[in-house]
Amino acid sequence: MDSSHVENDLVNVLFTEEQIQARLAELAREIERDYDGKDLLIVGILRGAVMVMADLARSFGRHLEMDWMAVSSYGSGTKSSGVVRILKDLDTDISGRHVIIVDEIIDTGLTLSWLTSNLGSRSPASVEICTLLRKPEALQMPVDVKYVGWDIPNEFVVGYGLDYRERYRNLRDIGTLAPHVYS
Ligand code: PRP
């Protein structure tokens, strides 16, 4: 789906498909340099990270492994509870492995902060984070993020895996959702 299909729902297009692909290619080059000679496992956090994982992985000019986790952020409560539950765990034993957690957005930081410490307790060689987007103004927990596509304002963004009530994930671009859609 292109932005033209939902243009009345968007305030603006923040990043086009082309800009996203170019930025992911840059991040892949940077990661390749940092992990030269090391094996690498990238872990995508379902469901939003599917697009980033697919395009980031294909931007690499080297072998890597992919695995997935699904977590329910914040249980049944609010974001501020900070409770994260694992719905689908890794199939891979990560002890001694170099791991990069891949997500599409860091908002409050609660999910990735919890995940980093959870995976860190499994004796990996290293755990780093790669996120396409980060909202510095929304951060509630310090999260050490090594690879960031872009920092963005604290606005409701959709597309490229990011949803509003499960819609817009299949939008090629990333846009700011118009308030009339969610208010
Ligand atoms: C999003 C995103 C992160 C989390 C970030 O997932 O993929 O995992 O929120 O938010 P935080 O920094 O406030 O913890 P979401 O819970 O929307 O699930 P989804 O990927 O299935 O859409």
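All ligand and atom numbering here is 1-based and tracks the order in the structure. Note: hydrogens, waters and symmetry copies are ignored here, and every other heavy atom, side chains too, is used. If you read the sequence from its start, that first residue is 1, and numbering goes on from there.
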### Beyond-backbone contact of Val43 with Leu90, side-chain heavy atoms, under 4.5 angstrom
yes
## Note on the structure
The atoms of ligand 1 lying under 4.0 Å from a heavy atom of Asp163, numbered in the order shown, are 22 (O)
### Message
Using a 4.0 Å cutoff against the non-hydrogen atoms of Ile106, which atoms of ligand 1 qualify?
### Response
12 (O)
### Message
Please confirm whether Lys135 approaches ligand 1 to less than 4.0 Å, judged on its heavy atoms.
### Response
no
## Note on the structure
In terms of heavy-atom contacts, Glu32 and Ser59 come closest through OE2-O, 4.4 Å
Distance-only donor-acceptor pairs under 3.5 Å for side chains of residues 7-15, two or more places apart:
from	atom 1	to	atom 2	distance (Å)
Asp9	OD2	Tyr168	OH	2.7
Asn12	OD1	Thr176	OG1	2.8

### Query
Salt bridge between Glu166 and Arg47, side-chain N to carboxylate O under 4.0 Å?
yes
### Task
Specify side chain, backbone, both or neither for Ile105, according to which of its non-hydrogen atoms lie closer than 4.0 Å to ligand 1.
both
### Query
What atoms of ligand 1 come closer than 4.0 angstrom to any heavy atom of Asp107?
10 (O), 11 (P), 12 (O), 13 (O)
### Message
Using modelled atom types and a 3.5 Å cut-off, is there a donor and acceptor pairing between side-chain atoms of Arg23 and backbone atoms of Gln19?
### Response
no
### Query
Can you find a pair of side-chain heavy atoms, one from His98 and one from Lys38, that are under 4.5 Å apart?
yes
#### Entry: Interfacing atoms of ligand 1 (cut-off 4.0 Å, heavy-atom, Glu104)
1 (C), 2 (C), 7 (O), 20 (O)
### Task
Would you please name every residue forming a side-chain contact (heavy atoms from CB on, under 4.5 Å) with Glu18, sequence neighbours left out?
Thr16
### Summary
Restricting to heavy atoms, the pick from Gly109, Ala138, Ala49 nearest atom 12 (O) of ligand 1 would be Gly109
### Query
If you measure from atom 13 (O) of ligand 1 to every heavy atom of Thr108, Thr131, Val50, Leu87, which option wins on shortest distance?
Thr108
### Query
Any idea which atoms of ligand 1 are less than 4.0 Å away from a heavy-atom of Leu46?
20 (O), 21 (O)
### Message
Please compare Leu112, Ile45, Leu132, Asp103 and report which has the shortest non-hydrogen distance to atom 8 (O) of ligand 1.
### Response
Asp103
### Query
Is Arg33 salt-bridged to Glu30, going by a charged N under 4.0 Å from an acidic O?
no
### Task
Enumerate the atoms of ligand 1 whose separation from the nearest heavy atom of Leu110 is less than 4.0 angstrom.
12 (O), 14 (O)
## Note on the structure
Quick note on ligand 1: atoms under 4.0 Å from a heavy atom of Gly48 include exactly 19 (P), 20 (O), 21 (O)
### Message
Would Gly161 count as a polar contact of ligand 1, with the cut-off being nitrogen or oxygen pairs under 3.5 Å?
### Response
no
### Query
Using heavy atoms and a threshold below 4.0 Å, how should the contact between Arg134 and ligand 1 be classified: side chain, backbone, both, or neither?
neither
### Message
Taking Asp67 first and then Arg97, would you say they form a salt bridge - that is, a charged N and a carboxylate O separated by under 4.0 Å?
### Response
no
